[in-house]
Trainee: 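Shown below is the structure under consideration.
Indexing begins at 1, ligand by ligand and atom by atom, following the structure's order. On a predicted model such as this, the values are computed, not experimentally measured, just so you know.
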Amino acid sequence: MPLPTEAHSDADIRRAAELLARANSVAVLTGAGVSAESGVPTFRASDGLWEGHRIEDVASPMGFRRDPKLVWNFYNARRANVGKVRPNPGHHALVELEKRWGKRFTLITQNVDGLHRTAGSQRVLEVHGSLYRTRCTGCAKIEDRGLEPLRELPHCPHCSAMLRPDIVWFHETLPEDIWQEAVEEVADCDVLLVVGTSAVVYPAAGLIPLAKHRSRWDDTRPGASVVEINLARTDASDLVDVGLYGKSGEILPKIVALLPGS
Ligand code: APR
């Protein structure tokens, strides 16, 4: 049963800040909700559609084989939308956290909108790829095309094969090196912040129990503390130590403001 917004107390926010203040290393997992206040639509609308499209039509290899023009229309529209939006206070608060923890801070995002980097986050593991990049279906070359407008059906400037967005679609595996780094950082962190994700898409959602139990890594060390920030409870909520239910663009800056030295 979804909770109403603002279902958290000042004491919960203080508790989250205290856990962070004691942490030697911090990992963050973000999802579409962190960008919602910037005006980027989230995915799981109640009608099961993404901006009017069935998910498998625009975000699967089969959908791309069937109708690459439809898929590119969808992604070109998303690229154009990202060009119009700006990072929100939630993104900026995560930049502040990285400044404090430096190399002991890892931001793992399922988002492909690039807003964490635009805000100034340095070390971002984009486990589901990026709207900025294209990948050639022929020579496999990956290129950062920024947000320049692409053709309706773009082709590779090197080998002329069709390009696709460099995005992880349903039924595809995650980029192995990036995913491995995410797993190692989460298995080793003291606090995991889980922000704006419905925690239903695997393997990314599996990072949450990994932080809690980390049994494969080191069973002499207690699991990390997990703090969830979301508009409403999710599939992961039963696992978390602190659940803060409200807007991430409001809650994250409040946590940062409570950290020592703020
Ligand atoms: N603040 C905090 N949380 C929010 C906010 C907000 N302002 N707005 C929405 N949310 C929460 C919603 O309650 C929901 O739990 O963000 C979550 C968004 O969930 P999804 O739309 O399912 O997005 P995400 O979890 O990122 O999806 C994971 O699924 O479709 C694939 O590859 C795609 O990366 C995506 C993955």
Trainee: Using 30° and 60° as the class boundaries, would you call the ring planes of Y75 and W169 parallel, tilted or perpendicular?
Mentor: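 Because their plane-to-plane angle lies in the 30° to 60° range, the rings of Y75 and W169 count as tilted.
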Trainee: For I251 and H8, what are the C-alpha separation, side-chain angles and deciding distance, and is it a side chain to side chain contact (heavy atoms under 4.5 Å, CB included)?
Mentor: CA-CA 10 Å; I251 293 173; H8 61 268; 3.5 Å; yes
Trainee: For A36, take its heavy atoms, then give the atoms of ligand 1 lying under 4.0 Å from any of them.
Mentor: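 This gives 8 (N) as the contact atoms.
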Trainee: Please determine whether a side-chain nitrogen of the Lys or Arg among E18 and R15 lies less than 4.0 Å from a carboxylate oxygen of the Asp or Glu.
Mentor: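 No salt bridge links E18 with R15.
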Trainee: For the pair D113 and R78, find out whether any cationic side-chain nitrogen is under 4.0 Å from an anionic carboxylate oxygen.
Mentor: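 A salt bridge is absent here (no side-chain N lies under 4.0 Å from a carboxylate O).
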Trainee: Going by the closest heavy atom to atom 6 (C) of ligand 1, which one wins out of S35, A32, G33, P41?
Mentor: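 When every heavy atom of S35, A32, G33, P41 is considered, G33 comes closest to atom 6 (C) of ligand 1.
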Trainee: Considering only heavy atoms of G31, which atoms of ligand 1 have at least one such atom less than 4.0 Å away?
Mentor: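 It comes down to these atoms of ligand 1: 26 (O).
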Trainee: So is there a nitrogen or oxygen of V200 less than 3.5 Å from a nitrogen or oxygen in ligand 1?
Mentor: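 N/O-N/O distance under 3.5 Å: no.
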Trainee: Taking only heavy atoms of G246 into account, list the atoms of ligand 1 that are under 4.0 Å away from them.
Mentor: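 So the answer, numbered in order with elements, is 1 (N), 2 (C).
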Trainee: Side chain, backbone, both or neither: which part of F170 has a heavy atom under 4.0 Å from ligand 1?
Mentor: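 Near ligand 1, F170 shows its side chain, while the N, CA, C and O stay back.
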Trainee: Among E126, E37, H128, whose heavy atom sits nearest atom 34 (O) of ligand 1?
Mentor: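 Among E126, E37, H128, the closest heavy atom to atom 34 (O) of ligand 1 belongs to H128.
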Trainee: Which of the listed options, S248, S38, G90, holds the heavy atom that is closest to atom 1 (N) of ligand 1?
Mentor: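 Ranked by closest heavy atom to atom 1 (N) of ligand 1, first place is S248.
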Trainee: Are S225 and L192 packed together at the side-chain level, in the sense that at least one heavy-atom pair is separated by less than 4.5 angstrom?
Mentor: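 They are not in side-chain contact.
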Trainee: Is it true that D10 and K254 have a side-chain N and a carboxylate O under 4.0 angstrom from each other?
Mentor: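 No salt bridge links D10 with K254.
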Trainee: Could you work out, for atom 13 (O) of ligand 1, the closest of N88, V201, N230 by heavy-atom distance?
Mentor: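 Looking at heavy atoms only, the winner is N230.
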Trainee: Would you indicate which of Q110, K247, E172 comes nearest to atom 28 (C) of ligand 1 when only heavy atoms are counted?
Mentor: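 Answer by nearest heavy atom: Q110.
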Trainee: For the pair R123 and E181, find out whether any cationic side-chain nitrogen is under 4.0 Å from an anionic carboxylate oxygen.
Mentor: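 Yes.
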Trainee: For residues 157-167, tabulate all N or O donor-acceptor pairs below 3.5 Å that involve a side-chain atom, not counting sequence neighbours.
Mentor:
unit_1	atom_1	unit_2	atom_2	d
H158	NE2	E143	OE2	3.1
R164	NH1	E172	OE2	2.7
R164	NH2	I167	O	2.6
R164	NH2	E172	OE1	3.1
D166	OD1	R135	NE	2.9
D166	OD1	R135	NH2	3.1
D166	OD2	R133	NE	2.8
D166	OD2	R133	NH2	3.3

Trainee: Geometry only, no angles: is G196 polar-contacting ligand 1 at N/O separations under 3.5 Å?
Mentor: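 Between G196 and ligand 1, an N or O pair is found under 3.5 Å apart.
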